[in-house]
Number of protein chains: 2
Amino acid sequence: MMTGFEPHDHVGCIADAMSAAEQRCASRSLRLTAVRRQVLEILLQEHVALGAYDILEHLRLAGFNSQPPVAYRALDFLVTNGFAHKVERLNAFIACSYPGETHSPAFMICRNCDVVAETRSTPVKGSLGAAARSVGFRIERTVVEAEGLCPLCQEEAI
Amino acid sequence: MMTGFEPHDHVGCIADAMSAAEQRCASRSLRLTAVRRQVLEILLQEHVALGAYDILEHLRLAGFNSQPPVAYRALDFLVTNGFAHKVERLNAFIACSYPGETHSPAFMICRNCDVVAETRSTPVKGSLGAAARSVGFRIERTVVEAEGLCPLCQEEAI
DNA sequence: AATGTTATGTAATAATGTATCAACAGGTAA
DNA sequence: TTACCTGTTGATACATTATTACATAACATT
Ligand SMILES: [Zn+2]
Ligand SMILES: [Zn+2]
Ligand SMILES: [Zn+2]
Ligand SMILES: [Zn+2]
């Protein structure tokens, strides 16, 4: 059930995510405008994280003549509403692999090929949560990212 | 044993860290040069994360006429050798609270007052480690950061 | 239609991070 | 000593990432 490293039906993967986004926006009366839809599609094309300026390039190829704030706003919308995440380690963005389910994402980032896989994490249940409780820190959001080598790049490295 | 949120002997906290750094550098034949020492002292002054350009300002106040690469190089040295960490969420750096012990750090970041507390994490033992094993991803380094409200800022918010 | 709200367009700028190369200092080995 | 190697520093320029500010446009409510 891991996207990213394992091969999978990527066309379906994209279609599912888009229709999930449609429905979710409809039911919450969020406006999935042209720019936002386009940015989400761009992110869904690949399981790598794209920088805001990568997004901008793709937007221009798609006929939008956009400046940086346009990309950042669309990304902010997608992140805020759970359709995408920011990968802090890369200052870049990636489509969510589990849209519709509220969750704390965790990422595995291959330092060689830049593929990113998302999984769900439960950081509040682990040592971090214990530390937070012991000092009275109230966790609102967590960033959990692992950097390393994906299965394919491990083979190559041999 | 948590620095950052809890009051503590900060002068001793700084002195301990500096002498630990001295010894460690001596025993490993690492060169704790003037710039590196100064940057570490700057970081140790406060339990907040400082950006590279904040460091540069402090360096200039201390009589160094330094350009960006100087700060980044010194920070890289400190991070590589375990004297400091980068807080990815903030694109900023903080002195290590557990120097001398190799560890995976985790941070609690107050979104209101910017105080950062470091604790140790064991991400490989939790759900992230399980996910990594199940797909064959080899973790080399982890980023674990929690954003929220520190005890003091929770009180204020009432 | 009038109004308030949300989203977009655009220019300029700020903040963060790198590449490059010359100069310099310490150690090592003829 | 001299020559050489290595790591560190100084300095300029450049590249990337992110935000501010303000004007315009689209949408919703009355
Ligand atoms: Zn997700
Ligand atoms: Zn890889
Ligand atoms: Zn540490
Ligand atoms: Zn606080």
Side-chain angles (χ1 to χ4, degrees), chain A residues 21 25-26 28-40 42-43 48-81 83-94 109 111 114 116 143 145 147, chain B residues 21 25-26 28-40 42-43 48-60 62-81 83-94 109 111 114 143 145 147:
Chain A
C25 283
R28 299 186 174 197
S29 58
L30 298 170
R31 289 157 65 178
L32 189 59
T33 62
V35 185
R36 293 167 175 176
R37 171 190 307 270
Q38 187 69 47
V39 171
L40 181 52
I42 289 167
L43 287 177
V48 300
L50 296 176
Y53 284 74
D54 296 325
I55 302 276
L56 273 174
E57 259 182 52
H58 282 88
L59 275 179
R60 281 169 188 148
L61 290 177
F64 296 78
N65 187 5
S66 299
Q67 300 299 314
V70 173
Y72 282 100
R73 285 173 195 145
L75 289 166
D76 183 61
F77 171 87
L78 296 174
V79 168
T80 298
N81 297 109
F83 303 124
H85 302 289
K86 180 169 188 182
V87 182
E88 300 288 350
R89 180 68 185 73
L90 305 174
N91 291 324
F93 300 83
I94 192 163
I109 307 162
R111 66 167 157 81
D114 292 330
V116 176
V143 173
E145 301 173 3
E147 195 179 344
Chain B
C25 284
R28 297 187 175 195
S29 59
L30 298 170
R31 291 158 64 179
L32 189 59
T33 62
V35 184
R36 293 167 176 176
R37 170 190 307 270
Q38 187 69 48
V39 171
L40 180 53
I42 290 167
L43 288 176
V48 300
L50 296 175
Y53 283 72
D54 295 327
I55 302 276
L56 271 175
E57 261 183 50
H58 280 87
L59 275 178
R60 283 170 186 148
F64 295 77
N65 188 5
S66 299
Q67 301 301 315
V70 173
Y72 281 100
R73 287 193 289 236
L75 288 165
D76 184 59
F77 171 87
L78 294 174
V79 169
T80 298
N81 297 110
F83 303 123
H85 302 289
K86 179 168 190 183
V87 181
E88 300 288 348
R89 179 67 185 72
L90 304 173
N91 290 326
F93 301 82
I94 192 162
I109 307 163
R111 67 167 158 81
D114 293 330
V143 173
E145 300 172 3
E147 195 179 343

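For clarity, every value in this text was computed on a predicted model and none was experimentally measured. Residue numbering restarts at 1 for every chain, and letters A, B, ... go by the order of the sequence lines.
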Under the side chain to side chain contact (heavy atoms under 4.5 Å, CB included) test, residues paired with B:Ala62 that sit two or more places apart: B:Gln38, B:Phe64
Atom pair distance, as rounded to whole Å: CG in A:Leu30 and P in D:dC27: 16 Å
Along DNA chain C, first and last positions that approach a heavy atom of chain A under 4.0 Å: C:dT6 to C:dA11
Inter-residue atom distance B:Asp76.CG - B:Arg36.CZ, 0.5 Å rounding: 9.0 Å
Spatial distance of atom CD (A:Glu57) from atom CD1 (A:Ile55) [nearest 0.5 Å]: 10.5 Å
Side chain to side chain donor-acceptor pair (under 3.5 Å) contacts in which one or both residues fall within residues 83-94 of chain A, not counting sequence neighbours: A:His85-A:His103, A:His85-A:Glu118, A:Arg89-A:Glu147
Between N or O atoms, less than 3.5 Å apart, protein on one side and nucleotides 6-16 of chain D on the other: list the pairs.
from, atom 1, to, atom 2, distance (Å)
D:dT8, OP1, B:Arg36, NH1, 3.3
D:dT8, OP1, B:Arg36, NH2, 3.3
D:dT8, O5', B:Arg36, NH2, 3.3
D:dT9, OP1, B:Thr33, OG1, 2.4
D:dG10, N7, B:Arg73, NH2, 2.9
D:dG10, O6, B:Arg73, NH1, 3.3

Those residues of residues 56-63 of chain A lying under 4.0 Å from DNA chain C by at least one heavy atom: none
4.5 Å side-chain heavy-atom contact, A:Leu43 and A:Phe83: no
Distance (rounded to the nearest 0.5 Å) between B:Ile94 CD1 and B:Leu50 CG: 8.0 Å
Parallel, tilted or perpendicular, as decided by the 30° and 60° cut-offs, for the rings of A:Tyr72 and A:Tyr53: perpendicular
Non-neighbouring partners of A:Arg73 that pass salt bridge (charged side-chain N to carboxylate O under 4.0 Å, His left out), sequence neighbours left out: none
Residue pair A:Asp54 / A:Ile42, side-chain heavy-atom distance below 4.5 Å: no
Rounded distance in Å - CG (A:Leu32) to C1' (D:dC27): 16 Å
Gap between atom OG1 of A:Thr33 and atom CZ of A:Phe77 - 0.5 Å precision: 7.0 Å
